[in-house]
Amino acid sequence: MKINEEETPKKNLNFIEAIVDQDVKEGKNDGRVQTRFPPEPNGYLHIGHAKAICLNFDIAKRYGGICNLRFDDTNPVKEDVEYVDSIMEDIQWLGYQWENVYYASDYFQKLWDLAIQFIKKGLAYVDEQSAETIAKQKGTPTVPGIESPYRNRPVEENLVLFQKMTDGEIPEGSMVLRAKIDMASPNMHFRDPIMYRIITSHPHHRTGWQWKVYPMYDFAHGQCDYFEGVTHSLCTLEFEVHRPLYDWFIDQYQDSDYRPRQIEFNRLNLTYTVMSKRKLLQLVQEKFVSGWDDPRMPTLCGLRRRGFTPESIHNFIDKIGYTKFEALNDIGLLEHAARESLNKTATRVNAVLHPVKLIVTNYQEGKVEMMTTQNNPEDPEAGTREVAFSRELFIERDDFMENPPKNYFRLTPGQEVRLKSAYIVKCTGCKKDDNGEIMEVYCEYDPLTKSGMPESNRKVKGTLHWVSVAHCVDAEVRLYDRLFNVENPSADERDFRELLNPDSLQILTGCKLENSLKNVHPLEHFQFQRIGYFTVDLDSTPNKLIFNRTVSLKDSWSKELNK
RNA sequence: UGUCUCAUGGUGUAAUGGUAGCACGUCAGAUUCUGGAUCUGCCUGUCUAGGUUCGAAUCCUAGUGAGACAACCA
């Protein structure tokens, strides 16, 4: 077995990698490493799933093993092909390719045969009590359960009844197959867990109406791992209590030493958002967001539409790590990872979100100069482009103040600023309407200070972005903020819908963008200079440009203002 | 009055009995044709009490606190 160490030469192993490392060194499973990502196709993948995806695929890669995709599709009531497709798309977007696609439904016959074997061995019985009765008899974590009156039914009778369940002769909900283990077990999962239930009302997205009985997750999941030869079964902390049950099921019939080794790690929690599929579904269904891919959602399709790169997701997940401590991760770290990724790659462009006219009064009317500007100062290879400069420009409204606070480096009467890639200008005044609203700002340029000329090295404190009135294009810009107002919505007693941030989406129209942005494609990334990182929305067209703010640039001026 | 798991700066995570480190964040400074980026420096931590040991974040015991488990969900 060759260990692929090149990528992470000195990195400390996380506790899971350390276990796998040890197993490989000891020659367990002949040094073979096989993992899997096992989603249920009942919702869209979110950033928490990405954490599991990266772990499973990266570990397989590191040890020259394989990682499969397996859909745990044992509940036809909730599942749909729509989700199968989106799950595959999102995994590939992250840059991973599975070795095989499997479905728990591939094993329905095998699992059913096993169930028969369990019945014959006296390890399973058909219970015909109601769900409520069964739940009551379970007891509580501190009070032992009581046994079902059907628990000691003869094997023959169980066989006949289970066959009838299978043949669709028994109404949904009226009988289940239960494992006969221990109603007094301190582990609730051992109190005669249900192995099979009847579902006749819904077709399965793959097997149609073929099956009338479906295995429960606990009976299916661990054994699917076992059937497939999974060596390391990585899952989140809440399945810790299930592990002994998975082992018990396999113990009842296995004859080799091989057993998937389950290792649990902490799930990903993010501040100011929710991660539960149920709540995310509610946000979509109740129209609090525009859909699963709303840029405010922590779903992978939402993050993608917001403008996060796969690299930013990987960087973030590397930073948070894998432990057994249930942590709450600062969403600021995800934003940092996005800036880190986009800073290296995003083309710098000029976009004025809240425009106000700036007239260069001593600049010749009708004259147009093409100014050369860098596409990305972080990446010389990105080259340069030309932007048009003229007498009438748009600048940001808050880049001019008549009576500025201390340390204001922008336009104010008498003060000089640099217009990025163009001239140094001196503010001479402004025109206001009857309400005192600024209509136009005036300045004079110094012809000797054009970018690249010797005089241009003169020190001025502020540099402003701008677009030429005659050479710009209108766009809609959507500014996104955190979805929730409280740091940890899941820990709040109030209904999570009351905690939503009403200002999580702000739509700006009439924004002025430099002409080079006329022909952009959805999901292209840009940095609007001095503002933030933006991506072209999926609904953007050449006739109606729409940009989404991924994340703002760090802003030390707003900090200064808050002092 | 159960079983299982966890506890290191504000947050997340390393240190595998031998100098408590890293990242984010904060604050300060340098630099800058983005108040961005970059660079430098500062800040803040081993839950408590015993024990083992030359030496404990690490091992043991007991507390304290937190989480998971009682769906015909996964």
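Quick caveat: nothing in here was measured; it's all calculated off a predicted structure. Proteins get letters first, then strands, A, B, ... in listed order; numbering begins at 1 in each.
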Hey, does the side chain of [X] come within less than 4.0 Å of [N]'s phosphate (OP1/OP2), counting only N and O?
| X | N | answer |
| --- | --- | --- |
| A:Asn266 | B:U13 | yes |
| A:Lys324 | B:A7 | no |
| A:Arg191 | B:A71 | no |
| A:Ser556 | B:G36 | yes |
| A:Lys554 | B:A37 | yes |
| A:Thr323 | B:U13 | yes |
| A:Arg197 | B:C73 | yes |
| A:His465 | B:U34 | no |
| A:Ser185 | B:U3 | no |

[X], nearest nucleotide to its side chain (from [options]):
| X | options | answer |
| --- | --- | --- |
| A:Val241 | B:A68, B:G12, B:C72 | B:A68 |
| A:Glu40 | B:C73, B:C33, B:A68 | B:C73 |
| A:Lys559 | B:U34, B:C27, B:C73 | B:C27 |

Looking only at atom C1', what distance separates B:A7 and B:U48, rounded to whole Å?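 Straight-line distance between the two C1' atoms is 12 Å.
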Is there a donor N/O on one and an acceptor N/O on the other, under 3.5 Å, for the side chain of [X] and the base of [N]?
| X | N | value |
| --- | --- | --- |
| A:Glu240 | B:G67 | no |
| A:Gln527 | B:U34 | yes |
| A:Arg410 | B:G35 | yes |

For A:Phe409, which contact category applies under a 4.0 Å heavy-atom criterion: base, sugar-phosphate, or nothing? base
Complement of B:G2, any strand, by Watson-Crick or G-U distances under 3.5 angstrom: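 Base partner found: B:C69.
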